[in-house]
**Q** 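One structure is given below, represented as structure tokens, and several questions about it will come after.
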Amino acid sequence: MRAVFDALRRHAAERPGTVAFRDDAGAVTWQELAARVAGLARRLDDAPQTIALAVPGGIDYVVADLALTLAGKRQVPLPFFFSPEQTGHILTESAAEAVIGADAGAFAGSPLMVIPPRAAPVGALPDYPGGAERVIYTSGSSGRPKGVIIGDRQLDASLAALGRVVGASPRDRHLSVMPLPQLLEQICGIFLPILAGAECVLRFDATRALLGGPLDGLTRAMEEIRPTTSLLTPGILGRWVAALEHAGAIAPSSLRFVAVGGAASPPALIRAAEAAGLPVHEGYGLSECCSVVAMNRPGENAPGTVGPVLDAIDLQIVDGEITVAGPTVMTRYLGGAPAPARWHTGDLGRLENGRLVVEGRKDALLVTPAGRNISPEWVEARVNADPRVVSSALTLRSDGALVLIVVQAAPITAEEIAAPLADLPAYARPEALILTDLSEPDLLFPAGTPNRKVAAALAERIAAVPLPPLQQTERLAS
């Protein structure tokens, strides 16, 4: 992270009046950003060592993140989309003694010291002494997320490798869509732009669209800002592609690199996005490995894969499972033993012509009453390729029936869902269907992946409709 602060100090000296970040409330220049970060870091000198970060986003979040790092603190971002139970769990497990947040009332009655995100700016940005940590909590598959400890070693290696892939420069303008409490957007929306001297624009309406809000929050931001880079999930990408196709429009020509991650992207969606003028590049990673392990490169995009492995990462397939070694592997889980030298990701995959193909979660395998193993992602990818589908979840009901739950962004019929499933082997073909939408509570994580525990409960609780018989779907597919 020392390179990030060196870059910030250099931009503040050489381009003091150039805008560094914009949000819904205004803008901050490189000089102003450096002064605000230095001021808040000084304010944090006497604060406790572990500090939660409860700023939803915007420039205040950027300043707080950088100030906590510069002050050598352990920061614990609190995702605004987590439930009160999850937030309470994070605060208890992390033993945070203070919180940076604009809303002091939200922590009234708690023993936490509440620190405003703004402090008097100072002129000089001190050298970064190193040693800061961040504890990243991911929603995972349950209501009790684990804290992943990430430090300088992991971030430095990830930034160096991603910087070579993205090729960011001062001419870039990044539109930040993913929530900043997520590690990947901290890397792509804060640190990479600072290293490159590029402008970053943070629009909360675009983030709301990613979390299920109106799509025009994203499309309006794209048209107004004309970014060159951004980071999206497959769910919001599918909605945007469908809207562009419906309007007979194409994406802003300013875009040169759009990373897609957080969930699997069907090859058909990548090709449809490219046809709509979106230079999308799918990647793969997890917080335990500092978010990115592999990424498709400009000029050599290969839909159906997540691209070559990043530099400095040693990836091996062990018994069908993706394993990772190298400097991006986390320090440990909070309260756990040091991470092993080789991290077993729990994801199934294979290497194909130097590119990684991810085949699904090892622990998501469904075992039918007949003893057949089914990777749900195999089935879901076919359905998710339709831009009217935000996401889907294949689950096994207690009576042994395979039930497909489809989250739709636009109306779609059972026959249209069944058509791309026609050539699946009989044992993997869903028998019943539940259609729902983004209003279904807790069914999807922010990245658009299904919460399989919620999906399984939904399949038991809601009556499903039979999918059309094989003969009919075969005719539709032919």
**Q** Assess the side chains of T328 and R153: does a donor N or O sit below 3.5 Å from an acceptor N or O?
**A** no

**Q** Are V403 and L433 close enough, and set up right, to give a side-chain contact (heavy atoms from CB on, under 4.5 Å), and what steps lead you there?
**A** CA-CA 6 Å; V403 178; L433 171 70; over 6 Å; no

**Q** With a cut-off of 6.0 Å (strictly less than), are more than 12 heavy atoms of other residues, nucleotides or ligands near CZ of R372?
**A** no

**Q** Does the side chain of S94 pick up a donor-acceptor pair with the side chain of R74 at under 3.5 Å?
**A** no

**Q** Under the 3.5 angstrom rule, does the side chain of D24 hit a backbone N or O of F204 as a donor-acceptor pair?
**A** yes

**Q** Is the shortest side-chain heavy-atom distance between V260 and T233 below 4.5 Å?
**A** no

**Q** Salt bridge (charged side-chain N to carboxylate O under 4.0 Å, His left out), that's the test. Do E224 and R203 meet it? Break it down for me.
**A** CA-CA 11 Å; E224 292 176 1; R203 282 287 181 87; 3.2 Å; yes

**Q** Does Q154 reach the main-chain N or O of V329 with its side chain, forming a donor-acceptor pair under 3.5 Å?
**A** yes

**Q** For E377 and R361, what are the C-alpha separation, side-chain angles and deciding distance, and is it a salt bridge (charged side-chain N to carboxylate O under 4.0 Å, His left out)?
**A** CA-CA 8 Å; E377 294 91 345; R361 288 290 298 171; over 6 Å; no

**Q** Would you check if the side chain of R382 reaches a backbone N or O of P420 as a donor-acceptor pair within less than 3.5 Å?
**A** yes

**Q** Search all heavy atoms of V379 against all heavy atoms of P430 and return the closest pair with its distance.
**A** CG1-CG, 4.1 Å

**Q** Given L211 and F80, is the side-chain contact (heavy atoms from CB on, under 4.5 Å) satisfied, shown in steps?
**A** CA-CA 11 Å; L211 298 175; F80 61 87; 3.5 Å; yes

**Q** Can you tell me how far OG1 of T229 sits from CG of D172, rounded to the nearest 0.5 angstrom?
**A** 5.0 Å

**Q** With a 3.5 Å distance limit and no angle check, can you tell me whether S291 reaches the backbone of G285 through a side-chain donor-acceptor pair?
**A** no

**Q** Nearest 0.5 angstrom please: I225 CD1 to E199 CD, how far?
**A** 8.5 Å

**Q** Tell me whether the count of non-hydrogen atoms from other residues, nucleotides or ligands lying under 6.0 Å of CG in D399 goes above 12.
**A** yes

**Q** State whether the side chain of R355 and the backbone N or O of G304 hold a donor-acceptor pair below 3.5 Å, judged by distance alone.
**A** no

**Q** Kindly say whether R173 contributes a backbone atom to a donor-acceptor pair with the side chain of T228 at under 3.5 angstrom?
**A** yes

**Q** Can you tell if the side chain of I136 reaches within under 4.5 Å of the side chain of V76, non-hydrogen atoms only?
**A** no

**Q** Taking C-beta and beyond as the side chain, do W343 and T323 meet within less than 4.5 Å on heavy atoms?
**A** no

**Q** Identify the residue among H89, E93, K146 that makes a side chain to side chain donor-acceptor pair (under 3.5 Å) with Y137.
**A** E93

**Q** Without swapping roles, check the side chain of T305 against the backbone of A302 for a donor-acceptor pair under 3.5 Å.
**A** yes

**Q** Would you say that L444 contacts N451 through its side chain, given a criterion of any heavy-atom pair below 4.5 Å between the two side chains?
**A** no

**Q** For R134 and L183: C-alpha separation, side-chain torsions, deciding distance, then whether side-chain contact (heavy atoms from CB on, under 4.5 Å) applies.
**A** CA-CA 9 Å; R134 59 194 63 225; L183 178 60; 4.0 Å; yes

**Q** To the nearest 0.5 Å, how far apart are CZ in R171 and CZ in R256?
**A** 8.5 Å

**Q** Just by distance, no angles: are the side chains of T331 and E133 close enough, under 3.5 Å, to form a donor-acceptor pair?
**A** no

**Q** Output the distance between atom CD (Q182) and atom CG (L210), rounded to the nearest 0.5 Å.
**A** 7.5 Å

**Q** Looking at A54 and L78, what are the two nearest heavy atoms and their distance?
**A** CB-CD1, 3.9 Å

**Q** How long is the straight-line distance from CG of L202 back to CD of E185, given to the nearest 0.5 Å?
**A** 8.0 Å

**Q** Would you find a donor on one side and an acceptor on the other, under 3.5 Å apart, between the side chain of Q75 and the backbone of D65?
**A** yes

**Q** I412 versus V389: any side-chain heavy-atom pair under 4.5 Å?
**A** yes

**Q** Considering only heavy atoms from C-beta outward, does the side chain of K453 approach that of D442 to under 4.5 Å?
**A** no

**Q** Would you say the side-chain atoms of E321 pair up with the backbone N or O of G346, donor to acceptor, closer than 3.5 Å?
**A** yes

**Q** Using side-chain heavy atoms (C-beta onward) and a distance below 4.5 Å, is R164 in contact with D311?
**A** yes

**Q** A side-chain contact here means heavy atoms from C-beta on lying under 4.5 Å apart; do L310 and V293 qualify?
**A** no

**Q** Go through R350 and E352 one step at a time and tell me if the salt bridge (charged side-chain N to carboxylate O under 4.0 Å, His left out) criterion holds.
**A** CA-CA 6 Å; R350 67 182 191 276; E352 189 176 278; 2.9 Å; yes

**Q** Can you measure from CZ (F257) to CG (N296) and round to the nearest 0.5 angstrom?
**A** 8.5 Å

**Q** Give a yes or no answer on whether the side chain of T436 reaches the backbone of E440 with a donor-acceptor pair at less than 3.5 Å.
**A** no

**Q** Start with the C-alpha gap between E288 and M330, add the side-chain angles, then the distance that decides, and say whether side-chain contact (heavy atoms from CB on, under 4.5 Å) holds.
**A** CA-CA 5 Å; E288 288 85 349; M330 68 174 180; 3.7 Å; yes

**Q** Closest heavy-atom contact between Y333 and V148?
**A** CE2-CG2, 3.7 Å

**Q** Between the side chains of D23 and Y61, does any donor sit under 3.5 Å from an acceptor?
**A** no

**Q** Check the pair E282 / R271 against salt bridge (charged side-chain N to carboxylate O under 4.0 Å, His left out), numbers first and verdict last.
**A** CA-CA 11 Å; E282 186 179 7; R271 294 188 184 98; over 6 Å; no

**Q** For a side chain to side chain contact (heavy atoms under 4.5 Å, CB included) with L402, tell me which candidate from L394, L467, T395 qualifies.
**A** L394

**Q** Is the number of heavy atoms from other residues, nucleotides or ligands under 6.0 Å of I250 CD1 greater than 12?
**A** no

**Q** Tell me the closest heavy-atom pair linking I270 and P303, and the distance in Å.
**A** CG2-CG, 3.7 Å

**Q** Which pair of non-hydrogen atoms, one from L215 and one from A209, has the smallest distance, and what is that distance?
**A** CA-CB, 4.2 Å

**Q** Search all heavy atoms of V383 against all heavy atoms of S392 and return the closest pair with its distance.
**A** CB-OG, 4.2 Å

